[in-house]
Amino acid sequence: MHTAAALEDSIELDAPPSTVWAAVSDPRRMPEWSPQVTSVRLRHGAEVVELGTEFTNRNKYGELEWTTRAKVVRFEVEKEMAFRIEDNWVIWSFALAPLPDGRTLLTQRREVPDGISDLSYELSEGFMGGVDSYTEIQRAGMRETLEAIRGTVESAT
């Protein structure tokens, strides 16, 4: 097991939790917002996202492209959706908190409760400038993702 920093970033959105949830609870929408995710496909014929749903992500960073497999591990309507990437053991989540004025605080997290896999460590070190460097790239990507989600949900209200 290799350690990696947990990451978290938040943004206040001028949209109610129901609107934000409709967007972030479906990982198939990630290619609209994430600078790395290029496609998401639900596995095993799934049509809806719920606790236990499995999916694959196609990712790109520079010239590198790779696929990861994920499973929804937390799913609480209008509160939180989290999925664990099987390939690197990382848990990504979106948590929603209603604000008193009807807006929503959206928090994206990268948790590493089991560290990162040997494969993820080796790829980060060998192709992505090292774990610390890649962590900073992911931190910037989280901010870009949150800002893009803001554009989507605020234009929907």
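Just so we're clear, the structure is a prediction, and the values are computed from it rather than from any experiment.
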Within-4.5 Å side-chain heavy-atom neighbours: Gln108 and Ser93: no
Approximate separation, where rounding is to 0.5 Å, of Ile116 CD1 and Asn88 CG: 7.5 Å
Validation row: Thr135, Arg110 side chains within 4.5 angstrom (heavy atoms): yes
Polar side-chain atom of Thr145 near backbone of Gly141 as donor-acceptor pair, under 3.5 Å: yes
Glu54 bridged to Arg69 by N-O distance under 4.0 Å: no
Any donor-acceptor pair under 3.5 Å from Glu125 side chain to Val131 backbone: yes
Separation between CD of Glu8 and CE of Met142, rounded to the nearest 0.5 Å: 7.0 Å
Contact check, side chains of Leu7 and Arg109, non-hydrogen atoms, under 4.5 Å: no
Lys60/Gln36 under side chain to side chain contact (heavy atoms under 4.5 Å, CB included): CA gap, chis, key distance, verdict: CA-CA 5 Å; Lys60 184 174 179 157; Gln36 268 189 9; over 6 Å; no
Contact summary for Leu105 and Ser10, nearest pair of heavy atoms: CD1-CB, 3.9 Å
Value rounded to 0.5 Å, distance of OG in Ser39 from CZ in Phe55: 11.5 Å
Steps toward side chain to side chain contact (heavy atoms under 4.5 Å, CB included) verdict (Ile11, Glu147): CA-CA 8 Å; Ile11 193 168; Glu147 291 290 348; 3.8 Å; yes
Test item: Val49 and Ser25 side chains (from C-beta on) under 4.5 Å apart, heavy atoms: no
Least distance between heavy atoms, Pro113 atom then Glu111 atom: CD-C, 3.4 Å
same_hphob_cluster(Trp66, Leu119) at 4.5 Å side-chain heavy-atom cutoff: yes
Within-4.5 Å side-chain heavy-atom neighbours: Arg84 and Val73: yes
Minimal non-hydrogen separation, Thr19 against Ala156, with atom names: CG2-CB, 4.3 Å
Min side-chain heavy-atom separation Ile149-Val24 under 4.5 Å: yes
Leu123 with Leu64, same ILVMFWY side-chain cluster at under 4.5 Å: yes
Evaluation steps, salt bridge (Lys or Arg N to Asp or Glu O under 4.0 Å), between Arg103 and Asp14: CA-CA 5 Å; Arg103 297 178 313 130; Asp14 191 16; 5.1 Å; no
Nearest-0.5 Å distance that lies between atom OG1 in Thr107 and atom CD in Glu12: 10.0 Å
Trp89 versus Ser120, side-chain donor and acceptor atoms under 3.5 Å: no
Within one Ile-Leu-Val-Met-Phe-Trp-Tyr cluster: Ile91 and Met30, side-chain cutoff 4.5 Å: no
Test salt bridge (Lys or Arg N to Asp or Glu O under 4.0 Å) applied to Arg139 - qualifying residues, sequence neighbours left out: Glu136
Rounded distance (nearest 0.5 Å) linking atom OG1 of Thr53 with atom CE of Met81: 9.5 Å
Centroid-centroid distance, Trp21 to Phe75, less than 6.0 Å: yes
For the student: nearest non-hydrogen atoms of Thr104 and Pro17, plus distance: OG1-N, 2.9 Å
Student check: side-chain heavy atoms of Ser133 and Met128 closer than 4.5 Å: no
For Tyr121, ring pair (Phe, Tyr, Trp, His ring centres under 6.0 Å) partners two or more places apart: His2
Exercise: identify the closest heavy-atom pair between Arg29 and Ala23: NH1-CA, 3.6 Å
Check: Thr68 and Asn59 side chains under 4.5 Å, non-hydrogen atoms: yes
Arg143 CZ: over 12 foreign heavy atoms closer than 6.0 Å: yes
Point-to-point distance, once rounded to the nearest 0.5 Å, from CG of Asn57 to CZ of Phe83: 6.0 Å
